[in-house]
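Since the structure comes first, as structure tokens, the remarks are kept for the end.
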Amino acid sequence: MCGIVGYVGYRRVVPVVLGGLKRLEYRGYDSAGIVFIQDGELKKYRSKGKLQNLENSMKEALGAPSHIGLGHTRWATHGAPTTENAHPHSDCTGELVVVHNGIIENYHSLRNELIEKGHTFASETDTEVLAHLIEEYLDGDLRAAVTKALSRVEGSYALGVLWTGMPDTLIAARNHSPLVLGVHEEEGGFMASDIPPLLPYTDQIIFLDDEELAVLTSNTHKIYSLKSGKEVTKEIQTISWNAAMAEKGGYKHFMLKEIYEQPQAIIDTVSGRINPETGSVDLPEMNLTEDDLANIDRIFLIACGTSWHAALVAKYWIERWAKIPVEVDIASEFRYRKLLIDERVLTVAISQSGETADTLAGVRLAKDLGSKIVTICNVVGSTMTREAHGTVYTHAGPEIGVASTKSFTSQLAALFLFTLYLAEKRETMEQEQRLLLGKELIRVANIIEEELPAMQDEIKKLIESFYDSRDFLFVGRGLNFPIALEGALKLKEISYIHAEGYASGELKHGPIALIDKDMPILGLTPKDSVYQKSISNVEEIKARQGRLILIGTRGDEQLKTITDDVLYLPEVHEELNPILYTIPAQLLAYEIASRRGCDVDQPRNLAKSVTVE
């Protein structure tokens, strides 16, 4: 989950690496560090806390005449977030440094072995073991030493290595942790944990696979298999994102910017994939034959966090329209039970980054059991997309805020398209219905764009009476139950309010005991097929003096008889309510967190891309 940036080229290295770390701070912000070679020596700067602390400590180094270096922003696993535990970590000589993302599972035994050989450790981290292990094997050939060291390692890593003995060379390696290279003949060579740091300099990207090592100089890049030692040829991919997409663009926070980008993200995900005249859906990267689709008798949807909530919505859609039984699993639990999976099961993995460790592990297990794999993903060329049989790409662009917003709604849009695609191929939906639903998907994006500013203004006023609450409940029925879960997740992760989401009908089975005049409850109550049931549930809450906030369909005057706190939304097709009703839930979390003075984009203890299990 940590962020790594490396550069070797023709620019001054510190501004390149520091700027790259700023674009990666969403991956971890417990501590940070930068190292570069100047006059044959390593210059290392580290600090605990946010990246700003590091920047303040090295202002005099911004103009350093160095053109090679590494940087790291940390999400702590082994060892507290202190300066001593911040990366980069050095060997005993102080001439070799390592930055690392991942977990070295056998670090304890390796550390003891190295101590017995006379190595001295200066931190509590698992990463420092790598520096000393490379030192142990180093005999003039850095690539050979790194290869030998990694053959001893169990666990995950994205690795950057710099040595004064080869002052024009960076080594990069990965295994179960993302690492990408950027190449540009006039700029030099780049490495990073994610694409945004590379965007100001190049759109030419190489995705490393597991157990691959790269050797970068200012004008060359070579990639080798860690298993065979042989050089491998990798495809260079052109990324359509640009640097401006990873900037705030005048918004106070990335999260708010990304909330407002959702209408375009939905349109971009849908565009060119559904014929507006026939309703036919084209997903060219699915790579599944009609026989494959016809032979499916079950679907597993696997994901984590917000993506899991998208999967829960998709279960309703797929079972209704494609008429296939669907199981939804949290990816971290999926592979720890006895899975009844074979070649008649389709496994659909959902991940913004395509690098989520638990979801990747589930994909690999399902694949081994004979299942076809489809991934819903935002990052072209990511590990999950390369290992899947087929992909449905979302087109949300880079998402920097830790709390997922536009990734979620674009995943919903992609999953809705996937549902229409399955229904078309399996002939379970009439063409007229498919055409209608496709048009409604576009319409909901346009409605969100029109409604967002007024919606935000109303929510700002609404929260004044409960922004300082300690607990919060979200309730919904049917398609909106997963949105209650998602709303609660957003609130708890950025405002630190204890929040829970429940199916409305579950309240009387326990949670209703929590309700009193101090407990805010947000009810999702659109005019849909379960409307009367939802109204009955919120009446139960009112009878127990709960502080009700209702979100419902414009013109529904009954809601005003239940509570004064009502937010009205336009009526859309019932199947698309989850996308529309997500937006006020996101804004509610954002405005409450902002009102409480929380760090909206970088909430405590969290990081954006979860690449450890």
Side-chain angles (χ1 to χ4, degrees), residues 23 26 178 180 194-196 198-199 203-205 207 237-247 249 254-255 257-276 280-287 303 306-307 310-311 313-314 317 348-356 359 374-386 388 390-401 404-421 437-449 452 576 578-580 582-583 586 608-609:
R23 291 182 171 86
Y26 62 87
V180 298
D194 203 351
I195 294 169
L198 312 183
L199 295 177
D203 61 358
Q204 302 298 292
I205 306 298
F207 292 88
Q237 300 198 35
T238 301
I239 299 298
S240 60
W241 301 352
N242 59 56
M245 295 171 73
E247 304 296 340
F254 278 112
M255 182 179 178
K257 171 178 178 274
E258 288 156 7
I259 288 172
Y260 272 82
E261 288 174 340
Q262 287 177 112
Q264 190 60 52
I266 294 168
I267 295 295
D268 289 345
T269 297
V270 174
S271 292
R273 289 173 161 177
I274 187 162
N275 188 313
S280 181
V281 178
D282 181 26
L283 299 177
E285 287 147 324
M286 275 285 288
N287 297 327
T306 286
S307 297
V313 175
W317 287 335
V348 180
I350 309 168
S351 169
Q352 188 281 138
S353 66
E355 304 289 351
T356 310
T359 311
V374 169
T375 186
I376 311 289
C377 187
N378 191 42
V379 181
V380 176
S382 59
T383 303
M384 217 172 288
T385 66
R386 297 197 304 274
T391 300
V392 182
Y393 282 110
T394 58
H395 294 289
E399 186 177 67
I400 307 301
S404 178
T405 52
K406 64 177 180 174
S407 287
F408 178 65
T409 48
S410 61
Q411 284 172 353
L412 289 178
L415 286 161
F416 197 71
L417 281 178
F418 176 67
T419 300
L420 298 182
Y421 177 85
L437 290 174
K439 288 179 177 178
E440 287 294 307
L441 181 55
I442 299 293
R443 177 171 170 262
V444 80
N446 294 329
I447 286 174
I448 291 169
E449 186 166 29
L452 257 169
L576 280 307
I579 297 178
L580 178 60
T582 291
I583 310 302
Q586 294 171 347
K608 182 69 179 174
S609 181

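It should be emphasised that the depicted structure is a prediction, and the values quoted were computed from it without experimental measurement. Each residue takes its place number in the sequence, starting with 1.
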### Separation between CD of Glu285 and CZ of Arg273, rounded to the nearest 0.5 Å
7.0 Å
### Message
Name the residue from Gln262, Glu258, Glu261 that meets the side chain to side chain donor-acceptor pair (under 3.5 Å) definition with Thr409.
### Response
Gln262
## Note on the structure
For Pro263 and Ile448, the nearest pair of non-hydrogen atoms, with its separation, is CG-CG2, 3.7 Å
### Message
I'd like to know if the side chain of Thr375 and the backbone of Ala349 have a donor-acceptor N/O pair within less than 3.5 Å.
### Response
yes
### Task
Before giving the answer on side chain to side chain contact (heavy atoms under 4.5 Å, CB included), spell out for Leu199 and Arg23 the whole-Å C-alpha distance, their side-chain angles and the decisive distance to 0.1 Å.
CA-CA 10 Å; Leu199 295 177; Arg23 291 182 171 86; 5.9 Å; no
### Task
Going by the side chain to side chain contact (heavy atoms under 4.5 Å, CB included) test, name the single residue among Thr405, Ile400, Ile259 that passes it with Phe254.
Ile400
### Query
Passes side chain to side chain contact (heavy atoms under 4.5 Å, CB included), Val379 versus Thr385? Steps please.
CA-CA 8 Å; Val379 181; Thr385 66; over 6 Å; no
### Message
To check you understand the geometry: which heavy-atom pair defines the closest contact between Val380 and Phe207, and what is its length?
### Response
O-CZ, 2.8 Å
### Message
Measuring from atom OG of Ser280 to atom CD1 of Ile274, what distance do you get when rounded to the nearest 0.5 angstrom?
### Response
8.0 Å
### Message
Could you report the tightest heavy-atom contact between Ala414 and Thr394, atom names first, then the distance?
### Response
CB-CG2, 3.8 Å
### Query
Do other residues, nucleotides or ligands put more than 12 heavy atoms under 6.0 Å from the CD atom of Gln204?
yes
### Message
Working to the nearest 0.5 angstrom, can you tell me the gap between Ser271 OG and Gln264 CD?
### Response
7.5 Å
### Non-hydrogen side-chain atoms of Phe416 and Ile579 separated by less than 4.5 Å
no
### Query
Just by distance, do the side chain of Glu399 and the backbone of Ser407 share a donor-acceptor pair under 3.5 Å?
yes
### Task
Only counting residues at least two apart or in another chain, list the ones meeting ring pair (Phe, Tyr, Trp, His ring centres under 6.0 Å) with Phe408.
none
#### Entry: Separation between CG of Asn378 and NZ of Lys406, rounded to the nearest 0.5 Å
7.5 Å
### Query
With no hydrogens and no angle check, is any side-chain donor or acceptor of Arg386 less than 3.5 Å from a backbone partner on Gly381?
yes
### Query
Going through the distances and angles, do Ile350 and Leu415 end up as a side chain to side chain contact (heavy atoms under 4.5 Å, CB included)?
CA-CA 9 Å; Ile350 309 168; Leu415 286 161; 3.8 Å; yes
### Task
Find the distance between CG (Leu283) and CG (Leu417) and round it off to the nearest 0.5 Å.
6.0 Å
### Task
Would you name the heavy atoms of Trp317 and Leu412 that are closest together and state the gap between them?
CZ3-O, 3.3 Å
#### Entry: Distance-minimising heavy-atom pair for Ile195 and Val180
N-CG2, 4.4 Å
### Task
Apply the test side-chain hydrogen bond (donor to acceptor under 3.5 Å, both in side chains) to residues Thr238 and Asp203: give CA-CA distance (whole Å), side-chain angles for both, the deciding distance (0.1 Å), then the verdict.
CA-CA 5 Å; Thr238 301; Asp203 61 358; 5.1 Å; no
### Task
Kindly indicate, with the supporting measurements, whether the criterion side chain to side chain contact (heavy atoms under 4.5 Å, CB included) is fulfilled by His395 and Val270.
CA-CA 9 Å; His395 294 289; Val270 174; over 6 Å; no
### Query
So which heavy atom on Ala396 is nearest to which on Ala265, and how close?
CA-CB, 4.0 Å
### Interatomic distance, Thr269 atom OG1 to Leu441 atom CG [nearest 0.5 angstrom]
9.0 Å
### Task
Decide yes or no on side-chain hydrogen bond (donor to acceptor under 3.5 Å, both in side chains) for Ser404 and Thr306, but give the supporting numbers first.
CA-CA 7 Å; Ser404 178; Thr306 286; 4.8 Å; no
### Message
Using side-chain hydrogen bond (donor to acceptor under 3.5 Å, both in side chains), reason through Glu355 and Thr383 one step at a time and then give a plain yes or no.
### Response
CA-CA 6 Å; Glu355 304 289 351; Thr383 303; 2.7 Å; yes
## Note on the structure
Residues passing the ring pair (Phe, Tyr, Trp, His ring centres under 6.0 Å) test with Tyr421, sequence neighbours excluded, are none
